[in-house]
Amino acid sequence: MDATAANLLLDHHRDHARDLPWRMTPRDPYRTWLSEVMLQQTTVATVTPRFLRFVERWPTVEALAAAPDEEVLGEWAGLGYYARARNLIACACAVAARGGFPRTEGALRKLPGLGAYTAAAVAAIAFGEDAVAIDTNVERVAARVFGIGDRKAAGEAARGSFPAGRHGEFAEALMDLGASICRPKAPNCPACPIAAQCKARALGSPEAFPAPKVKRVRPHRYGIAWWARRGDEVWLVRRPGSGLLGGMAALPGPEWGEERPAANAIAIHRHGFTHFTLDLMVVPCAEPPPGEGWWQPVGELASAGLPTLYRRAVEAALEAEREPRLAA
DNA sequence: AACTCGGGGAC
DNA sequence: GTCCCAGAGTT
């Protein structure tokens with residue numbers, strides 16, 4: 001993309017930039033960082049209400065660093081990719097301890113949870129450094145503008161297009177274009193300020209770029225969740241601090257496996273993860289299984305910080321208790 | 001370079 | 001159902 005096209009895009013962005021709650025003037029490094037982490041593999045529509053709740057509860061990185069881990073993980077519950085929340089806590093503590101965010105891409109890159117993209121995005125957007133933030137939007141727009149099928153190659157080709165002194169603004173312009181006009185499906189080329197410069201458009205098939213990802217078959221697994229009741233309470237546990245749903249509140253149960261267990265379930269909840277699907281069988285038991293845990297009032301399950309898998313499984317179990325005939 | 005790691009919105 | 005999303009960390 002030449003300088004003329006970059007200026008056309010920046011001019012368009014001046015009038016069409018999305019009004020997002022983390023885009024205040026001037027940019028707040030804390031909110032920039034928090035939004036970028038929340039937005040990793042997560043849509044703006046999903047993030048926006050969660051971001052607002054989060055900054056309402058913890059308005060500064062110092063406040064976040066001082067919060068108990070369980071409360072932060074609970075606030076993150078339902079957003080997915082929980083390593084982000086664990087790294088968020090570690091990063092907040094490191095930043096608070098050193099008296100604020102580092103202001104360069106290289107120093108930001110050393111913080112937990114900040115990879116190549118996020119370090120560059122925070123450096124460029126919050127601190128005005130000429131760092132190049134290449135996300136999936138930039139890759140897709142570049143793939144079409146340059147007519148390059150390979151996503152990573154397209155992203156690298158976009159590096160030279162970032163105008164000096166305006167890298168943060170340009171990254172946001174590319175991201176807004178990718179979200180609003182140069183969408184994955186049904187791109188709105190007539191509304192695009194750089195359609196005349198677009199190779200994929202000239203070829204007549206913008207949607208053919210970038211090349212589609214190779215998809216893999218998702219295996220299936222089975223699991224048991226113990227349903228231990230005591231009056232109006234249910235027994236919950238905290239999962240180990242790493243791995244799938246690491247550190248999150250959960251129903252107790254053995255590790256999941258390939259074979260369908262023979263168990264008398266009152267409910268079976270099917271859940272889709274990124275790389276497998278799970279049938280979680282909720283099985284009543286008289287006593288809590290051995291190990292750490294706590295009795296959670298069923299009327300206060302919303303504040304327990306359950307990830308979606310267990311939140312849905314609990315809902316199914318409570319429904320089964322009300323209507324036993326519908327048990328699976 | 002390939003895998004792991006969630007969940008929801010849009011279609 | 002499918003595809004995709006302001007990716008990072010591990011192996």
Side-chain angles (χ1 to χ4, degrees), chain A residues 17-18 20-23 27 31-51 73 76-88 90-91 108-126 131-141 150-152 155 158 167-180 182-187 207 210-219 221 239-248 250 269-278 280 306-312:
Chain A
R18 288 176 292 176
L20 302 172
W22 45 87
R23 288 183 176 177
R27 294 290 196 271
R31 294 182 188 228
T32 302
W33 161 70
L34 178 62
S35 68
E36 291 297 346
V37 174
M38 282 191 171
L39 287 161
Q40 290 167 4
Q41 295 294 289
T42 310
T43 58
V44 167
T46 298
V47 165
T48 298
R50 306 299 300 263
F51 173 85
L73 292 171
W76 199 275
L79 261 181
Y81 284 156
Y82 298 99
R84 294 185 296 173
R86 303 194 296 270
N87 285 329
L88 194 82
C91 183
L108 288 161
R109 181 67 179 82
K110 293 184 172 69
L111 293 169
L114 281 85
Y117 164 75
T118 305
V122 174
I125 294 171
V132 180
I134 300 173
D135 76 325
T136 187
N137 287 299
V138 177
E139 287 178 355
R140 183 175 58 258
V141 171
D150 183 79
R151 294 170 186 272
K152 296 305 173 189
H167 280 215
E169 184 185 356
F170 193 66
E172 290 186 332
L174 282 170
M175 289 188 274
D176 283 19
L177 187 77
S180 306
C182 199
R183 301 167 297 213
K185 295 175 183 174
E207 226 173 313
K213 298 172 181 171
V214 290
K215 52 182 173 184
R216 280 167 288 193
V217 291
R218 290 196 304 181
R221 294 182 189 168
R239 291 175 62 88
S242 63
L244 190 70
L245 306 177
M248 300 301 292
H269 175 62
R270 177 160 296 179
H271 193 78
F273 288 100
T274 303
H275 55 295
F276 66 94
T277 59
L278 175 73
L280 188 62
L306 289 170
T308 301
L309 165 68
Y310 290 109
R311 183 170 62 78
R312 297 259 163 82

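The sequence lines fix the lettering, A, B, ..., with proteins before strands; numbering per chain opens at 1. What you see is a predicted model, and the numbers here were worked out from it, not measured in a lab.
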Using a cut-off of 4.0 Å on non-hydrogen atoms, how would the nucleic acid contact of [X] be classed: base, sugar-phosphate, or nothing?
X: A/Arg23; answer: base
X: A/Trp76; answer: nothing
X: A/Ser35; answer: nothing
X: A/Arg183; answer: nothing
X: A/Phe273; answer: sugar-phosphate
X: A/Thr274; answer: base
X: A/Val37; answer: nothing
X: A/Gly78; answer: sugar-phosphate
X: A/Ala186; answer: nothing
X: A/Leu79; answer: base
X: A/Pro112; answer: sugar-phosphate
X: A/Leu20; answer: base

How many whole angstroms separate atom [atom1] of [X] from atom [atom2] of [N]?
X: A/Leu39; N: B/dG7; atom1: CG; atom2: P; result: 17 Å
X: A/Arg216; N: B/dT4; atom1: CZ; atom2: P; result: 7 Å
X: A/Arg151; N: C/dC5; atom1: CZ; atom2: C1'; result: 11 Å
X: A/Arg84; N: C/dG7; atom1: CZ; atom2: P; result: 10 Å
X: A/Met248; N: B/dG7; atom1: CE; atom2: P; result: 8 Å
X: A/Arg221; N: B/dG6; atom1: CZ; atom2: C1'; result: 14 Å

- Query: Is there a donor-acceptor pair under 3.5 Å between the side chain of A/Arg140 and the backbone N or O of A/Cys182?
  - Reply: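 Yes.
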
- Item | Closest to the A/Gln40 side chain, choosing from B/dG7, C/dG7, C/dA6 | C/dG7

- Note on the structure: Out of B/dG7, C/dC3, B/dG6, minimum distance to the side chain of A/Lys215 belongs to C/dC3

- Query: Is the phosphate of C/dA6, meaning OP1 or OP2, less than 4.0 Å from a side-chain N or O of A/Thr43?
  - Reply: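 For C/dA6, OP1/OP2 do not have a side-chain N/O of A/Thr43 under 4.0 Å.
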
- Task: Please determine if a side-chain N or O atom of A/Thr136 lies less than 4.0 Å away from the OP1 or OP2 oxygen of C/dC5.
- Result: yes

- Task: Using only heavy-atom distances, decide whether a donor-acceptor pair under 3.5 angstrom links the side-chain of A/Arg18 to the base of C/dA6.
- Result: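 Flag set: donor-acceptor pair detected.
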
- Message: Under 3.5 Å, is there any donor-acceptor pair linking the side chain of A/Thr46 to the base of B/dG9?
- Response: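 No such pair is found, so the answer is no.
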
- Query: For DNA chain B, whose closest nucleotide is more 5', that of A/Arg311 or that of A/Gly243?
  - Reply: A/Gly243

- Item | All side chain to side chain donor-acceptor pair (under 3.5 Å) counterparts of A/Arg270, not counting sequence neighbours |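 Result, side chain to side chain donor-acceptor pair (under 3.5 Å) vs A/Arg270: A/Asp279.
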
- Message: Distance check, P atoms only: B/dG8 and C/dA8, in whole angstrom units.
- Response: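 The answer is 22 Å between these two P atoms.
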
- Would you kindly check if the NZ (Lys) or CZ (Arg) of A/Arg221 is within the cone defined by 45 degrees around the ring axis of A/Phe276 and under 6.0 Å from the six-membered ring centre?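 That pair qualifies as a cation-pi contact.
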
- Item | A/Phe273 ring center within less than 6.0 Å of A/His271 ring center |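 Ring-ring flag for A/His271/A/Phe273: true, centres closer than 6.0 Å.
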
